[in-house]
Novice: 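Shown below is the structure under consideration.
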Amino acid sequence: MNVQWYPGHMTKARRMMQEDMKLIDLVIELVDARVPLSSRNPDIDELGKNKARLILLNKSDLSDDAANEKWARYFQEKGFFVAKINSKSGAGVKSLQGIILEACKEKIERDRRRGIKNRPIRAMVVGIPNVGKSTFINTFAGRACAKTGNKPGVTKGKQWIRLNKNVELLDTPGILWPKFEDQAVGVRLAFIGSIKDDILNIDELSLLLIENLCTRYPGALTERYGISEEGKPVAVLEAVAESRNCILKGQELDYSKAAGILLDDFRSGKLGRITLEDVPLNQEKA
Ligand SMILES: Nc1nc2c(ncn2[C@@H]2O[C@H](COP(=O)(O)OP(=O)(O)O)[C@@H](O)[C@H]2O)c(=O)[nH]1
Ligand SMILES: [Mg+2]
C-alpha cells in the first residue's frame, strides 16, 4: 500500500500558512478523535510556535469516550488547551468561547498593559483534509456571523469572520498535509476515509480494519453482523459477506462489496464508538 502526496502542494500550503500565522494570535487545530496522532502533522508545532494553541478532538461522537479523556490529558500535558467536540451537532462548541479567552490570557493582558482596548483575538483553524474544518467553522460561526471583509494594508485579501466582540476567525482554514512517516499512519488515515479509497486496495484495507477491531474492540463485529470473530481476518470478511448477502453471479462471495460495507459502517459509527490509536505508552503518566 503506497500512498503519495505531492511535494508542490505541500510547499505551497506551508508558505500560505506561514503568511497567515503572522496575522493571528491563536491556532485552532482540529484532529480526528479516532486517530489523534495520525491525523495531525507535527510541523504545525514549528509553524505555530509563539502562538496560543488549542487542539480540538473533533468527531468525538465517533470515538471512544474513555480514550477521548486520555487524549485530552495527553495534549494538555504537552501545553495545549484541549476540547472534545462534535462539529456536526455542535456539542462542545459553546464552551470554546471561554477556553479561547483562557488560552489567549497573555495576549489580552499584554494589550491591556499597552493601553490597547478591545482588539479582538484573531484565530485560524487548521487541520488535514476531511478532519472537519469547514463544518467546524460553520457551526462555530453560526448564523449570526458577519464577514468583516478585507482590511486593506493590514490583512490583504483576507476575510475574517467576526464571532463576537472578542474573537475573529480567518474564514479559510489552513490545510495541513498528512504525514506518512510510517505505513501504519497511512493505513489509519485510510480507515477514517481521509485518503481516497480509489488509491487503496479496499479488500486489503478492510482486512486490516478487521484485525484492529477484533483486537481493540472484541465483540463489535459480532454485535453488528451476528458473526463469529474467530479465525483469520479473511474468514471474518467472508462472514460479513455472507451476513450481508454480498454474492456475485455464480454464487461466489463479493469480498469487495463486503469490505465497502464494513468500512462505511466503521466510518459512520455503526460499529460503535471506536478509537484506533493509543496515547504513547511512555507518556501516559509523564
Ligand atoms: N460524525 C461527525 N462528522 C463530522 C464532524 N465534523 C465533520 N464531520 C463530517 O466530516 C466530513 C468532512 O468534513 P469537512 O468539514 O468537509 O472537513 P474539511 O475537509 O476539514 O473541511 C463531512 O462529511 C462532515 O459532515 C463531527 O464532529 N462528527
Ligand atoms: Mg473544507
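Just so you know, ligand 1 is whichever comes first in the structure, and atom 1 is the first atom listed for that ligand. Just so it is clear, the model here is predicted, and its values are computed rather than measured.
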Novice: List ligand 1 atoms under 4.0 Å from D61, heavy atoms only on the residue side.
Specialist: 1 (N), 2 (C), 26 (C), 27 (O), 28 (N)
Novice: For ligand 1, note which part of L62 has a heavy atom under 4.0 Å away: side chain, backbone, both or neither.
Specialist: side chain
Novice: Closer than 2.8 Å to the Mg ion (ligand 2): how many protein N, O or S atoms are there?
Specialist: 1
Novice: Once side chain to side chain donor-acceptor pair (under 3.5 Å) is applied, do any residues pair with E109, and if so which ones, sequence neighbours excluded?
Specialist: R112
Novice: Would you mind checking if K51 and D25 are paired as a salt bridge, meaning a charged N to carboxylate O distance below 4.0 Å?
Specialist: no
Novice: Please report which non-hydrogen protein atom sits nearest to atom 5 (C) of ligand 1, along with the residue it belongs to and the distance in Å to one decimal place.
Specialist: K59 CG, 3.6 Å
Novice: Among all protein heavy atoms, pick out the one at the shortest distance from atom 4 (C) of ligand 1; state its residue, atom name and that distance to 0.1 Å.
Specialist: K88 CD, 3.6 Å
Novice: Among all protein non-hydrogen atoms, which one is nearest to atom 6 (N) of ligand 1, and what is the separation to 0.1 Å?
Specialist: N58 ND2, 3.2 Å
Novice: Provide, to 0.1 Å, the distance between atom 11 (C) of ligand 1 and the closest protein heavy atom, together with that atom's residue and name.
Specialist: N130 OD1, 3.7 Å
Novice: Taking the side chain as every heavy atom from C-beta outward, state whether F75 and L57 have any atom pair closer than 4.5 Å.
Specialist: yes
Novice: Between S89 and N86, is any side-chain donor less than 3.5 angstrom from a side-chain acceptor?
Specialist: yes
Novice: With side chains defined as the heavy atoms from C-beta onward, is the minimum distance between Y74 and I55 less than 4.5 Å?
Specialist: no
Novice: What protein heavy atom lies closest to atom 17 (O) of ligand 1? Include the residue and the distance to one decimal.
Specialist: G132 N, 3.1 Å
Novice: Does this structure show an ion pair linking K179 with D43, if we count only N-O contacts that are shorter than 4.0 Å?
Specialist: yes
Novice: Is it true that, when you exclude E223 itself, more than 12 heavy atoms of the residues, nucleotides or ligands shown sit nearer than 6.0 Å to its CD?
Specialist: no
Novice: I'd like to know if R119 and D111 make a salt bridge, using a cut-off of under 4.0 Å between side-chain N and carboxylate O.
Specialist: yes
Novice: When you measure from atom 27 (O) of ligand 1 to every protein heavy atom, which one gives the shortest distance, and what is it?
Specialist: S87 N, 2.8 Å
Novice: Under 4.0 Å and counting heavy atoms only, is there anything from the protein next to atom 8 (N) of ligand 1?
Specialist: yes
Novice: Quick check on contacts: which atoms of ligand 1 are under 4.0 angstrom from a heavy atom of T135?
Specialist: 7 (C), 13 (O), 14 (P), 15 (O), 24 (C)
Novice: Run the side chain to side chain donor-acceptor pair (under 3.5 Å) test against N118 and tell me which residues pass, sequence neighbours left out.
Specialist: none
Novice: Does the side chain of R40 reach to within under 4.5 Å of the side chain of D45, using non-hydrogen atoms?
Specialist: yes
Novice: Partners of F266 by ring pair (Phe, Tyr, Trp, His ring centres under 6.0 Å), sequence neighbours excluded?
Specialist: none
Novice: Just need the protein heavy atom nearest to atom 26 (C) of ligand 1, so name the residue and atom and give the distance.
Specialist: N86 OD1, 3.4 Å
